[in-house]
Amino acid sequence: MAKRERVVRMSVEQPLWRALTGYRVLTMVYAVLVFAAARDDYERPWIAVGYLAVLCVWTLVTLPRVANAASCTKRFLVADLTLALTGILLTPLADAHAQSVDGPTLPTIWTAGSVLAYAIKGGWRWAGLASSLVAVANIIERGHPSRDTVHNVILVWVASIAIGYVVEVARASERTLARALEIEAATRERERLARDIHDSVLQVLAMVQRRGTALGGEAAELGRMAGEQEVALRTLVAGGLTRTSHVSEDESEGAVVRVVEVDDEPDDGTPVDLRTLLAPRAGARVTLSDPGVPVPLPAAAARELAAAVGAALDNVRVHAGADARAWILVEDWDDEVIVTVRDDGPGIPEGRLSEAEGEGRMGVALSIRGRLRDLGGTAELVSVPGQGTEVELKVPRPARGARGKAGEQ
């Protein structure tokens, strides 16, 4: 199975940059229409025509500049705001009555786009600087601060600073989320590796330790060394393994992409009959009871469920004694598959599981419960001292209609 986890998170800034691109185009058209509607009122309309022509060309040519944070450089921001301020200051030259009658400036509300670019790029401090310069230019253009002028200046100032602050908060939240995803990835990989190690290496070391102690002599020394390595490996599994993850930031697109890959055996998605994976578990002291028809599950789910059953049987063999018997019962329901593993051993004393986890012996916690949790299922363990232990494993499965063909094979 090739397990691949891919999380692609687009930056929260991207919608703002797209909105700003549309805003600049629309307000450019608006500025031209406002002039066209009142062109007879201008004493020097050629000044307005020349400025608006430059404004239109600049807006269309620089659209890629406001596509993302990387393209929107400081030099561009300075030039863009300079164009807006120039248009404001040229308004009285084109319209002699502009200082005595409240009316729009040549760039009209296009100026707000320049200020918003500062806010998205640099946060509320940059927005405050840009909006303050616009406020000064408007007061100079008007000659005296009228009520409408003050109202428009305050509106742009407050709105731009608020947007800048929101962008800064969003950036901080994205960094926190990215870190949380890395921690989650590392934790899940540590558990996966711990399960695999528990199912193989740790079981072998434990067996070598027991057999060496029983044989004595040089074998006892080998058993002692195996026990030391088992303890060291359990300590490593419990706290030292980390997940290999790759987190990259694409500044040109303002995106954060996280890709985590774990290579295992290939998986073509073909359903697997759970019975074929559990059949090798049956033996002289393990009885398998399953339905008379196939129990198809997705390949990954079937293998993990079979591995969890194997971990439960390993616990029976290790902790219940060589003479203990075990029974495996497979139940196939429409919405889930239930596998129950029961033994006739001495049972687990109360509190022993928590104590084992504290010692780094995480067979039940990781090899069983961890596997089932990754599949969206559950693992319930019931044990009464002197009456054996029962582990119930539940795995959700596709609706029966989705697996009908597999069940007919």
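By convention here, the first residue in the shown sequence is residue 1. Since this is a predicted model, take the numbers as computed values, not measurements. Both backbone and side-chain heavy atoms feed into the values below; hydrogens, waters and symmetry mates do not.
Rounding to the nearest 0.5 Å places CG of Leu77 at 8.5 Å from OG of Ser114. Interatomic distance, CE of Met28 versus SG of Cys56, reported as 4.5 Å (0.5 Å rounding). We find the CD-OG1 distance between Glu380 and Thr340 to be 11.0 Å, quoted to the nearest 0.5 Å. A distance of 4.5 Å separates CH2 of Trp327 from CG of Asp344, quoted to the nearest 0.5 Å. Rounding to the nearest 0.5 Å gives a distance of 10.5 Å between CG of Leu129 and OG of Ser160. Atom-to-atom distance recorded for Ile120:CD1 and Leu16:CG is 5.0 Å, nearest 0.5 angstrom.
With contacts defined as side-chain heavy-atom distances shorter than 4.5 Å, the pair Arg369/Leu381 qualifies. At least one side-chain heavy atom of Leu81 sits less than 4.5 Å from a side-chain heavy atom of Leu133. Within the 4.5 Å cutoff, no side-chain heavy atoms of Thr108 are placed close to those of Phe35. Looking only at side-chain heavy atoms (C-beta outward), Ile338 and Glu392 come within less than 4.5 Å of each other. Side-chain contact between Leu106 and Tyr42: present, with at least one pair of heavy atoms (C-beta onward) separated by less than 4.5 Å. Looking only at side-chain heavy atoms (C-beta outward), Val339 and Leu329 stay at 4.5 Å or farther from each other. Proximity of Val391 to Arg342: side-chain heavy atoms (C-beta onward) are nowhere separated by under 4.5 Å. You'll find the side chain of Leu85 stays beyond 4.5 Å of the side chain of Thr82, heavy atoms only.
Closest heavy-atom contact between Ala300 and Leu375: O-CD2, 4.5 Å. Residues Leu274 and Ala302 come closest through the heavy atom pair CD1-O, 3.9 Å. Between Tyr51 and Ala84, the shortest heavy-atom distance links the atoms OH-CA, 4.0 Å. Shown here for Pro107 and Ile88, the closest heavy-atom pair between the two residues is CD-N, 3.9 Å. Looking at every heavy atom in both residues, Ala326 comes nearest to Leu313 through CB-CD2, 3.9 Å. Contact between Pro294 and Asp332 at its shortest, heavy atoms only, is O-OD2, 4.1 Å.
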Go through the steps to decide whether Ile163 and Trp124 satisfy the test side-chain contact (heavy atoms from CB on, under 4.5 Å), and finish with yes or no. CA-CA 7 Å; Ile163 292 176; Trp124 69 270; over 6 Å; no

Apply side-chain contact (heavy atoms from CB on, under 4.5 Å) to Thr287 and Ile328, showing your working. CA-CA 6 Å; Thr287 302; Ile328 305 174; over 6 Å; no

What's the verdict on side-chain contact (heavy atoms from CB on, under 4.5 Å) for Arg303 and Leu277, showing C-alpha distance, side-chain angles and the deciding distance? CA-CA 7 Å; Arg303 282 193 289 267; Leu277 299 181; 4.3 Å; yes

May I have the step-by-step check of side-chain contact (heavy atoms from CB on, under 4.5 Å) for Leu278 and Asp290, ending in yes or no? CA-CA 9 Å; Leu278 295 181; Asp290 55 32; over 6 Å; no

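Side-chain N or O atoms of Lys394 include none that pairs as donor or acceptor with a backbone N or O of Thr378 at under 3.5 Å. A donor-acceptor contact shorter than 3.5 Å is absent between the side chain of Thr276 and the backbone of Val272. Between the Thr62 side chain and the Trp58 main chain, a donor and an acceptor come within less than 3.5 Å of each other. At distances below 3.5 Å, at least one donor-acceptor pair connects side-chain atoms of Ser173 with backbone N or O atoms of Val169. Counting only distance, with no hydrogens or angles, the side chain of Arg39 and the backbone of Ala36 share a donor-acceptor pair below 3.5 Å. A distance-only check finds a donor-acceptor pair linking the side chain of Asp273 to the backbone of Val295 [under 3.5 Å]. Looking only at distances, a side-chain donor or acceptor of Arg275 sits under 3.5 Å from a matching main-chain atom of Pro291.
The 12-atom threshold is exceeded at OH of Tyr23, counting heavy atoms of other residues, nucleotides or ligands nearer than 6.0 Å. Surrounding CZ of Phe76 are more than 12 heavy atoms belonging to other residues, nucleotides or ligands, all under 6.0 Å away.
In this structure Glu168 satisfies the salt bridge (charged side-chain N to carboxylate O under 4.0 Å, His left out) test together with Arg125, sequence neighbours excluded.
In this structure, Asp80 pairs ionically with Arg24, as a charged nitrogen and a carboxylate oxygen lie closer than 4.0 Å. A salt bridge is absent between Glu336 and Arg397; no separation between the charged side-chain nitrogens and carboxylate oxygens falls under 4.0 Å. The residues Asp374 and Arg371 are annotated as not salt-bridged, no charged nitrogen and carboxylate oxygen being separated by less than 4.0 angstrom.
In this structure, a donor-acceptor pair under 3.5 Å is absent between the side chains of Thr105 and Thr91. The closest side-chain donor-acceptor pair between Ser71 and Asn68 falls under 3.5 angstrom.
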